[in-house]
Amino acid sequence: AWHHVKPWHYFFTQAIPTVWFPLPVLLLVFFGPLRALLREDRRARVLLAWVGLVLLFFSISSGKREVYMFPALPMLALVVGALWARVRESTAAARTGVFFQGFLYLVSVALVGLGVTLRVAPDKLLRKAPDYAELIATLPVPLIAMGASLLVLLVLIRRQDLLVRLAATSLTLWAFVAVLVWPRVDPYRTPQEMMEQVEQKLPPSSELALLYFKEQFLLFSHRPLTHFSYLAPLEEQERNAWLWMREAPQRFLLVPTDAELSCFDVNKTVSLGEAHRREWVIYGAESLRARCEKPRRELRYVYRPETRGVLP
C-alpha cells in the first residue's frame, strides 16, 4: 500500500472498538446468548461469516482505513438486532440500558462543556493543538448546539428501547457533524481552497506540475496537472521537473516547503498558504538554477480532470 499503512490487527484493536461502538460492547455483554443464537440460527452464522471474511480480506493488505470495513457493518447490525430481540427482557439488558443512558448523558454534557470551554477560555485547549487552532476556534457553537440537542433528545426518548435510543443518538450526532462541523473542517483537510488560489494566480494558458503531493490535489484541480511518477524518489521527481520547466515558458511547479530541492531557488517562490498541515509554494521560471543533475529516467505523466460540472 502507498498510504494509511497499519498493523494487521488495526481493525480489531483500534477501528472496531471506536467506529462500530456500541455494537462490539453489546456482543461482549451478551456473548452467551450470541453463541446460542449462532448455534440455532443458520442465517446469523452466514451474516457473521460475511463480517469475518470482509475483515480478514482487508486485514491482509498493509493499507487500512475505517471505511474499508463498511460492507460488513450492515450484516453485523442485523446480528445484533436478532441478538437484542432475544435478550431485551432480561435483567442484563435492563442494566445495559441504564449504563448506556448514563453514558449518553455524559457525552452530551461533555460536548456542551467542551464548547463552553472553547468559548470562554480557548487558550487552554488551543495550546494542545496549535496546528488546528484556527479550526478549533470555529467549533464552540456547533459543539454546544450538538450537546444541548442530544441532551433534550435523550430526555424525550428515555423510555424507548435501547436500540432506538442509540440509533436516534447516532443520527443526531452525525447530522450535526455533517451540517455544522465538516464544512468547517474541509478547508483544513482538503486542498480545494489552495487549488482555487492557483487558478487566480496563474495565467489560464500556463501549465502546472506537482512534486511531493497527495492524490487529493488531482481531485480538486481545474486544469491538467503534470507529475513525474507519484512513487519516484523526490530527487528524481525534481530533476524531471527541472527539465520539464526548461522546455517551455509559462510553466510552474507547486511544491510543499518541506521538500528539500537543489535544482530550484527556494527564495524565489510565491506562497499559497497551508494544506494538509504543510505550506505550499509556486516555483516559476525565475527559480530555476543554471544546472541540475540529469534524472536516471525521464518520466512525466499528465492528469486531465473531467469536472462535468462537479467543480465550479
Name each donor-acceptor pair under 3.5 Å that joins a side chain in residues 166-178 to protein atoms two or more places apart or in another chain, with its distance.
from: T169; atom 1: OG1; to: R165; atom 2: O; distance (Å): 2.8
from: T172; atom 1: OG1; to: A168; atom 2: O; distance (Å): 2.8

N/O donor-acceptor pairs under 3.5 Å from side chains in residues 21-29, not counting sequence neighbours:
none

Cut-off 3.5 Å, no hydrogens considered: what does the side-chain donor-acceptor table look like for residues 139-155, sequence neighbours left out?
from: S149; atom 1: OG; to: A145; atom 2: O; distance (Å): 2.8

Distance-only donor-acceptor pairs under 3.5 Å for side chains of residues 106-114, two or more places apart:
from: S108; atom 1: OG; to: L104; atom 2: O; distance (Å): 3.4
from: S108; atom 1: OG; to: Y105; atom 2: O; distance (Å): 2.7

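Legend: ring pair (Phe, Tyr, Trp, His ring centres under 6.0 Å) pairs involving residues 38-75, not counting sequence neighbours, sorted by first then second residue: F58-Y68. For residues 228-273, the pairs satisfying disulfide bond (SG atoms under 2.5 Å apart) are C263-C292, with sequence neighbours left out. Each salt bridge (charged side-chain N to carboxylate O under 4.0 Å, His left out) pair with one or both residues in residues 83-109, not counting sequence neighbours, appears once here: E40-R86, R88-D161.
Other residues sharing the hydrophobic cluster of Y301, ordered by chain and number and joined by side-chain separations under 4.5 Å: L299.
Using modelled atom types and a 3.5 Å distance limit, the side chains of E260 and Y212 yield no donor-acceptor pair. Side-chain contact of Q237 with S229: a donor-acceptor pair under 3.5 Å is absent, judged by distance alone.
Remark: M195 CE to Q200 CD distance equals 12.0 Å, nearest 0.5 Å. One finds the CD atom of E199 at 8.0 Å from the CG atom of L208 (value rounded to the nearest 0.5 Å).
In this pair, W244 and F228 present their aromatic rings perpendicular. The plane angle is above 60°, beyond the 30 to 60° band. Between F103 and F99, the ring planes are parallel. Angles under 30° get that label, and only those over 60° would be called perpendicular.
Take R119 and apply the salt bridge (Lys or Arg N to Asp or Glu O under 4.0 Å) test, not counting sequence neighbours, and it matches no residue. Taking R246 as the reference, nothing meets the salt bridge (Lys or Arg N to Asp or Glu O under 4.0 Å) condition, with sequence neighbours excluded. With sequence neighbours left out, R289 forms a salt bridge (Lys or Arg N to Asp or Glu O under 4.0 Å) with no residue at all. In terms of the salt bridge (Lys or Arg N to Asp or Glu O under 4.0 Å) criterion, R65 has no residue partners (sequence neighbours excluded).
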Start with the C-alpha distance between V255 and L210, add both sets of side-chain angles, then the distance that settles side-chain contact (heavy atoms from CB on, under 4.5 Å), and finish with yes or no. CA-CA 6 Å; V255 188; L210 297 173; over 6 Å; no
Intermediate values then yes/no, side-chain contact (heavy atoms from CB on, under 4.5 Å), Y283 and L254: CA-CA 7 Å; Y283 288 81; L254 182 61; over 6 Å; no
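Between H227 and Y303, a ring centre-to-centre spacing not shorter than 6.0 Å is recorded.
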